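These notes concern the structure reproduced below.
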Amino acid sequence: MADTGMRFGFGDNWNRFVRQKHSQQRLDAAAARLTGFLKRDDLKGLDFLDIGSGSGLHSLAALKLGAEKLHSFDYDANSVAATRFLRDRAGKPDHWSVEQGDVLDDSYVASLGTWKLVYSWGVLHHTGEVWRALRNAQSCVAEGGLFYIALYSKDVDFQPSQAFWLEIKQEYNRVTSLTKWLMVWWYVWRFGMSMNIRNLPAVLKQIWTYRTQRGMNYFTDVRDWLGGWPMEYAGDQETVDLLEGEYGFELINVATGHACSEFLFRRTGVNGKKTKVKDMVARLTGPAGSPAAVNVA
Ligand SMILES: C[S@@+](CC[C@H](N)C(=O)[O-])C[C@H]1O[C@@H](n2cnc3c(N)ncnc32)[C@H](O)[C@@H]1O
């Protein structure tokens, strides 16, 4: 039975990450992931709204990429502190604001106005009301603007099962700090190493190279994966059908096969486009393209 009252301390995890792990290399990786998925060299000419900014690393990357105005908000006060920490280190630029806010708060979201690039990576499925959060988030995208989101996918064959992970997340939030620590090593042993010591070198390599994927840290993401609650899965096609059918978007890029599917939409103002996600994935990856193994990122 899902526990609706409990919440993972996302911000504690992000604070630890920015204070202990932040580096130029991670920032470069975050910027590369942004420009790679957006298929742009920079963010000049765009303003950037970061919904659920977490560490703030991707807001900082957007700043470095030349975004003209930035606003980052997060529900969790500690995520706000982490994002402010990075903003302060960047010299407190006037055109980057950071505050606490809730994407489920209709009047707060309405007060934000519209933006040319709205970014919400790995957030909306952690609100407890993923579809309402998605509807609110899309309302911030300007006409012709871009909407870059990532959502835990219902279409991925999670091992052992999607329901298993929902239970684990609730368990992680109930237990003591010591048991949380043990659960992290249980995860590494069971899923990272497949319970075989000979896989240790491969896991060590994964831990080391993890920073090159969106600039994240392996253990920060493992804790986020084990504890990230509330949490829902969203169907890839369901997401596209909602945004194209009701909100005048067209899908222009997609990446599936990892725990989170990534989507890039452009607001055309015309409802009813019917992009088939599987066809687009096949077109983008070619016949040899196959989904990568499920990864916590
Ligand atoms: C998994 S983290 C992702 C952080 C960041 N977007 C990234 O890509 O690294 C999810 C973040 O969403 C935030 N969040 C959860 N519910 C929210 C809500 N209702 N409104 C705004 N942020 C929320 C959490 O506090 C957390 O910082």
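Hydrogens, waters and symmetry mates are skipped; everything else that's a heavy atom, side chains included, is used. When a ligand or atom number is given, it counts from 1 through the structure's own listing order. Values in this document were obtained by computation on a predicted structure and should not be read as measured data.
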For atom 14 (N) of ligand 1, the option (of L124, V123, D50) bearing the nearest heavy atom: V123

Partner of W225 by ring pair (Phe, Tyr, Trp, His ring centres under 6.0 Å), out of F219, F191, Y218, F158: F158

Protein residue, atom and distance nearest to atom 25 (O) of ligand 1, heavy-atom basis: D74 OD1, 2.6 Å

E250 and R267 ion-paired at < 4.0 Å: no

Winner among D102, T83, N78, V109 once heavy atoms are compared against atom 19 (N) of ligand 1: D102

Min N/O separation S79 to ligand 1 under 3.5 Å: yes

Heavy atom of S53, distance to ligand 1 below 4.0 Å: yes

Under-4.0 Å heavy-atom contact with ligand 1, by part of A133 that carries it: neither

Protein residue, atom and distance nearest to atom 3 (C) of ligand 1, heavy-atom basis: W121 O, 3.4 Å

Pi-cation contact, Y172 with K180 (under 6.0 Å, within 45°): yes

cation_pi(R211, W208) dist<6.0 Å, angle<=45: yes

D12 side chain to N78 side chain, donor-acceptor N/O pair below 3.5 angstrom: yes

Option with minimal heavy-atom separation from atom 16 (N) of ligand 1, where the choices are Q100, R7, R33, R214: R7

Ligand-side contact atoms (ligand 1) for residue partner G54, heavy atom cut-off under 4.0 Å: 4 (C), 27 (O)

Distance-only N or O hit between ligand 1 and I51, under 3.5 Å: no

Sidechain N-carboxylate O distance under 4.0 Å for R132, D106: yes

For H126, atoms of ligand 1 separated by under 4.0 Å from a heavy atom: 1 (C), 15 (C), 16 (N)

Pairing of E262 and R33 as salt bridge, 4.0 angstrom limit: yes

Atom 4 (C) of ligand 1: the protein heavy-atom neighbour that sits closest, reported with distance to 0.1 Å: G52 O, 3.4 Å

Pair T176-T179, side-chain donor/acceptor within less than 3.5 Å: yes

Any G101 heavy atom less than 4.0 Å to ligand 1: yes

Carboxylate-amine/guanidinium contact E68 K116, below 4.0 Å: no

Euclidean distance, L57 CG relative to S72 OG, rounded to 0.5 Å: 11.0 Å

Structural part of F10 in contact with ligand 1, heavy atom criterion under 4.0 angstrom: side chain

For atom 22 (N) of ligand 1, closest protein heavy-atom neighbour: Y75 N, 3.2 Å

Ligand 1 contact on D224 by region, counting heavy-atom pairs under 4.0 Å: side chain

